[in-house]
Amino acid sequence: MKTLFYLIFALSFSCSYSQPNCEAYRYYYKDTLKYEACKKAEQVEGHYQFSKEYQKILDESIKIDSTFAYAYARKSVAYLKSGDFITWKKLIDKAVKFNPQEYLGHRGYIRFLCFRDYKGAIKDLEKLDSLVNLDASYTLIGKDHLIIAKALCYKSIGEKEKAIEILEMHMNKEDYFVDLYDYLHLGVLYLEQKQYKKALQAFYKQSEDNELAENQFYLALTYKALKMPSNYIEHLKKAKNYILKEEKCFKLI
Amino acid sequence: MYKLVIYFTKTMAKNVILVLIICFFISCKSDKMANYQKEYLRHVGDIELDSLKDNNNFKTCNGDDKVFQYFNLGNGPVYVGEKSALLRTFQTKYKPVLNKNQNGLIRIRFIVNCEGQAGRFRVLQSDSNFNETKFDEKIVSQLTEITKGIKDWVILYNKNDNPIDYYFYLVFKIDDGKILEILP
C-alpha cells in the first residue's frame, strides 16, 4: 500500500513540466496575452521536445507574450538534456525572472543534480524559501523534496552539521511525509559525523519504510565503525545480494 | 527668408532624430525576437559534419537523421568498464594546468555510432556562472584529445536489437585548472 502511495505521488511529479491551465489566464487572471501564449504553447503536444517544430512553437508563444515563463522553461529542457548548459541557463533564467515561485526550485534542483553547483542551488532554494513555503514545494523532476536537496547541498560543501539540522527540523514536523530516501540521507550524515547510534536508528527506519541495497551497505559501514564484524558482514552480504539481483537499488528519477 | 530656412532646418532635424529613435527601437525589438526565431536543425544539439575539422572516416550507421540521444532508450549514461574506467583514463592522462582563473564547465559532445566509435566532437565552455567563456587552450585540447583517444564506447541497441547511433557528452567541472568532476 505504501509503495502504491509513493508510486502515485512520484508519478504526479514525474513530468518535466505539466501544461498550465490556459483558461486560468483568461478567466482568473484576465490576461488574454498570456492566455494566447499558453494556447500556442499547447501545440507542442505530439512533438519531440528536441525537434525544431517544438522549439519554433514555443518561440511563437514567446513572441505573443515575452513574459510567458512556461515557454522559456519548456524550451530549456532540450538544451539541458543535450548538455548545452549555456543556452539552458539563459532560458531558465528568463523563466525564473518572470515566475520565480514556479521555477526557482527547478533551477536550483537542476544546479544540484546535474551540475553539482551546490552553492548556486542553495542560493536558489533559499531565495525560493523567502518567497514561498519551501516545505510545500516539490521538484518537478526527481523524487527529492527541495528541503532534502538543500540539505544535500550543504552536505556537499562540507557543512554537515547544517545539513543534519535542516533534515532533523524538517523530518520532525508533525505533518512531515516520509519520502523514499530521507532516512538514508540522514543516516549517512550521522555516520559521517560519527553519530553511530543515531545512524543505526535512521538506517533501520529506512529499512522499515523502503529497504535499499545502499541502506544495507551503510548499515554495514556503521557496524564496521562500531567494530562489530559479524553485523558488518551480515549487512554487507545483504547489500551484495540486492545489487546482484538488481533489486532495491537507489534510483534518482 | 533666413528665418524660414532656420525654421525648416530645425523641423527637419527634429524629424530625422524622431525617425532615428523609432528605427533604433524597432531594431532592438527585432534583435530580441531574432534570438528566439533562429533556424533550427532537425533536433537541438545535432552535429552536422564539418569536413574540415571532423574525421571523414567516421560515419553514422543509420544516417544523420536517425541519431538518438543516449538516454532515449531509458538508460542512464553507460561507459565501457563503468564510469570508474573513464575516470581513471582522465586521472592518468590529464595534466592539470594550474591556474586560479580556470574555473567552470567544459562539455564535449559527440556521436557514438553503431560500432561503438565516436566522432564529430564539439566543445562548449562556460565559467562557473554558465556564461560562455574560453579556457586555456592547453586544458581544452587535452580533454578533447583524451576523449577522442577513447576507442570504444558502449554500443546501444533499440527494441528490435539493432545497434543505433547516439549522441553522448562529457561535462568536465574544472576548478583552478584541475578536473573536479566528470559528468554525467
Quiz item: Which one of B:Val44, B:Leu41, B:Leu180 has the most heavy-atom pairs closer than 4.5 Å to chain A?
Solution: B:Val44

Exercise. Please state whether the side chain, the backbone, both or neither of B:Tyr167 comes within less than 4.5 Å of a heavy atom of chain A.
Key: neither

Quiz item: Between A:Lys89, A:Glu53, A:Arg111, A:Lys119, which has the largest tally of heavy atom pairs under 4.5 Å with chain B?
Solution: A:Lys89

Quiz prompt | Distance-only side-chain donor-acceptor flag, A:Lys94 / A:Ser66, under 3.5 Å | solution = no

Practice problem: Using the side chain to side chain donor-acceptor pair (under 3.5 Å) rule, collect all pairs that involve residues 172-184 of chain B, keeping only residues at least two apart or in two chains. | Solution: A:Arg116-B:Glu181, B:Lys100-B:Asp176

Practice problem: Give a yes or no on whether A:Glu45 atom CD has more than 12 heavy-atom contacts from other residues, nucleotides or ligands under 6.0 Å away. | Solution: yes

Exercise. State whether A:Lys90 and A:Asp84 are salt-bridged, where the test is any N-O pair (Lys NZ or Arg NE/NH1/NH2 against Asp/Glu carboxylate O) under 4.0 Å.
Key: no

Quiz item: Is there a side-chain contact between A:Lys162 and A:Ile166, using heavy atoms and a 4.5 Å cut-off?
Solution: yes

Practice problem: Using non-hydrogen atoms and a 4.5 Å limit, figure out which bit of B:Asp46 sits close to chain A: side chain, backbone, both or neither. | Solution: neither

Quiz item: chain B heavy atoms under 4.5 Å from A:Tyr48: which part of the residue, side chain, backbone, both or neither?
Solution: side chain

Quiz prompt | Salt-bridge present (A:Glu42, A:Lys39; N to O < 4.0 Å) | solution = yes

Quiz prompt | Option in A:Phe85, A:Tyr54, A:Trp88 with maximal non-hydrogen atom pairs under 4.5 Å from chain B | solution = A:Phe85

Quiz item: Got a salt bridge between B:Glu132 and B:Arg107, using NZ or NE/NH1/NH2 to carboxylate O under 4.0 Å?
Solution: no

Exercise. Let me know if B:Leu183 has heavy atoms under 4.5 Å from chain A in its side chain, its backbone, both or neither.
Key: side chain

Self-check item: Neighbourhood of chain A inside residues 61-87 of chain B, taking heavy atoms under 4.5 Å as contact
Solution: B:Gln69, B:Phe71, B:Asn72

Quiz prompt | Toward chain B, the part of A:Asp93 with a non-hydrogen atom under 4.5 Å | solution = neither

Quiz item: Taking the six-membered ring of B:Phe58, is NZ or CZ of B:Arg120 closer than 6.0 Å to its centre and within 45° of its axis?
Solution: no

Exercise. List in chain and number order the residues that pass disulfide (SG to SG under 2.5 Å) with A:Cys153, two or more places apart in sequence or in another chain; answer none if no residue qualifies.
Key: none

Quiz item: Excluding sequence neighbours, so at least two apart, what forms side-chain contact (heavy atoms from CB on, under 4.5 Å) with B:Ile179?
Solution: B:Phe90, B:Tyr94, B:Leu143, B:Phe172, B:Ile174, B:Ile182

